[in-house]
Amino acid sequence: MTGAVRAPRHDLPEPDAFTRPYWDAAAEGHLLLRHCRACDRAHHYPREFCPHCWSEEVDWVRASGRATLYTWSVVHRNDLPPFGGRVPYVAAVVDLAEGPRMMTEVVECEESALAIGMGLRVTFRREEGCEAVAVFRP
């Protein structure tokens with residue numbers, strides 16, 4: 001038998017040619033959104049068309065990194081690697097200052113301090129073999 005088989009990772013992004021600018025910006029510490037020139041609205045997750053008006057006139061724009069907490073759940077058990085080593089963690093939905101909602105994780109915050117509407121700022125988690133992933137902190 002050769003080397004040990006690594007458990008599959010369920011938290012790693014799978015960049016492609018379209019999303020490469022998003023992941024490259026994240027690696028540099030910047031959050032990108034897609035912005036529609038036709039209806040002047042931002043959206044997230046990245047798509048090649050606007051989900052609001054269906055226009056293909058969309059560009060990458062740098063987000064401010066500011067958000068407010070919309071909702072959250074504290075995860076105490078998750079058996080998928082590597083989440084088990086992170087429990088408890090805060091799975092959250094945030095409202096970005098530019099308008100879109102985003103699923104993410106809140107870090108560097110005690111559970112008792114969480115409150116709907118609290119201000120958050122983007123930061124990036126980097127792991128071995130992983131792109132930088134946007135997470136938020138107070």
Side-chain angles (χ1 to χ4, degrees):
M1 183 181 247
T2 58
V5 176
R6 290 181 63 180
R9 294 281 304 262
H10 302 281
D11 65 323
L12 297 178
E14 294 184 23
D16 57 24
F18 171 69
T19 61
R20 177 53 55 198
Y22 176 88
W23 298 113
D24 288 348
E28 295 175 8
H30 305 291
L31 178 63
L32 293 186
L33 300 174
R34 297 290 280 172
H35 180 266
C36 179
R37 294 187 312 273
C39 71
D40 196 30
R41 292 176 73 181
H43 62 270
H44 185 79
Y45 63 91
R47 286 165 270 197
E48 296 187 44
F49 63 92
C50 175
H52 306 291
C53 73
W54 298 92
S55 172
E56 293 181 0
E57 296 179 42
V58 290
D59 299 308
W60 291 106
V61 295
R62 187 184 292 184
S64 66
R66 293 177 290 113
T68 56
L69 185 59
Y70 176 75
T71 190
W72 77 92
S73 180
V74 179
V75 179
H76 293 278
R77 182 180 173 128
N78 188 334
D79 295 331
L80 294 175
F83 300 109
R86 291 187 194 151
V87 293
Y89 62 90
V90 178
V93 177
V94 299
D95 287 329
L96 300 174
E98 293 77 13
R101 282 202 172 132
M102 178 179 177
M103 293 181 66
T104 187
E105 184 177 339
V106 175
V107 298
E108 301 174 24
C109 184
E110 294 295 323
E111 180 180 344
S112 61
L114 294 168
I116 291 173
M118 74 184 294
L120 301 169
R121 195 99 180 125
V122 74
T123 189
F124 293 86
R125 179 176 48 232
R126 292 167 176 82
E127 296 183 27
E128 183 180 339
C130 182
E131 303 287 341
V133 176
V135 295
F136 287 77
R137 61 181 169 75

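Under the 4.5 Å side-chain contact rule for hydrophobic residues, M102 and V58 do not share a cluster. Residues V75 and L80 share a hydrophobic cluster, clusters being chains of Ile/Leu/Val/Met/Phe/Trp/Tyr side chains in contact below 4.5 Å. Placement of M103 and Y70 within a single hydrophobic cluster is found when ILVMFWY residues are connected by side-chain heavy-atom separations under 4.5 Å, directly or transitively. Note: the hydrophobic cluster containing V122 also contains V61 (ILVMFWY, side chain heavy atoms under 4.5 Å, direct or indirect links).
The shortest non-hydrogen separation linking D95 to R101 is OD1-NE, 2.6 Å. Between W23 and P15, the shortest heavy-atom contact is CD1-CB, 3.4 Å. Here the closest heavy-atom approach between residue L33 and residue H43 is recorded as CB-O, 4.0 Å. The two residues A134 and T104 come nearest to each other via the heavy atoms O-OG1, 3.2 Å. In terms of heavy-atom proximity, P21 sits nearest to W60 at CG-NE1, 3.6 Å. Across all their heavy atoms, A92 and V106 have their closest contact at CB-CG2, 3.7 Å.
Listed by chain and number, the residues in a ring-ring contact (aromatic ring centres under 6.0 Å, His included) with F124 amount to none (sequence neighbours excluded). Applying the ring-ring contact (aromatic ring centres under 6.0 Å, His included) rule to H35 yields no partners; only residues at least two apart in sequence or on another chain are considered.
To the nearest 0.5 angstrom, R125 atom CZ is 4.0 Å from R86 atom CZ. Interatomic distance, CD of E57 versus CG of D59, reported as 9.0 Å (0.5 Å rounding). Rounding to the nearest 0.5 angstrom, the gap separating the OH atom in Y22 from the NE2 atom in H44 is 4.0 Å. Distance CZ/F49 to CZ/R34: 10.5 Å, rounded to 0.5 Å.
Of the possible polar contacts, one joining the E98 side chain to the S64 backbone as a donor-acceptor pair under 3.5 Å is found. In this structure, S55 contributes its side chain and C39 its backbone to no donor-acceptor pair below 3.5 Å. Distance alone, capped at 3.5 Å, is enough to place a donor-acceptor pair between the R126 side chain and the A27 backbone. The backbone N or O of V135 sits nowhere less than 3.5 Å from a side-chain atom of R137 that would complete a donor-acceptor pair.
Side-chain atoms of L31 and R62, non-hydrogen and from C-beta on, never get closer than 4.5 Å to each other. I116 is not listed as a side-chain neighbour of L69, based on a closest heavy-atom distance of 4.5 Å or more. D16 places none of its side-chain heavy atoms less than 4.5 Å from the side chain of E14. Inter-residue side-chain proximity for F136 and M118 is flagged as unmet; no heavy-atom pair is nearer than 4.5 Å.
In this structure, R47 places its CZ atom where more than 12 heavy-atom neighbours from other residues, nucleotides or ligands lie under 6.0 Å away.
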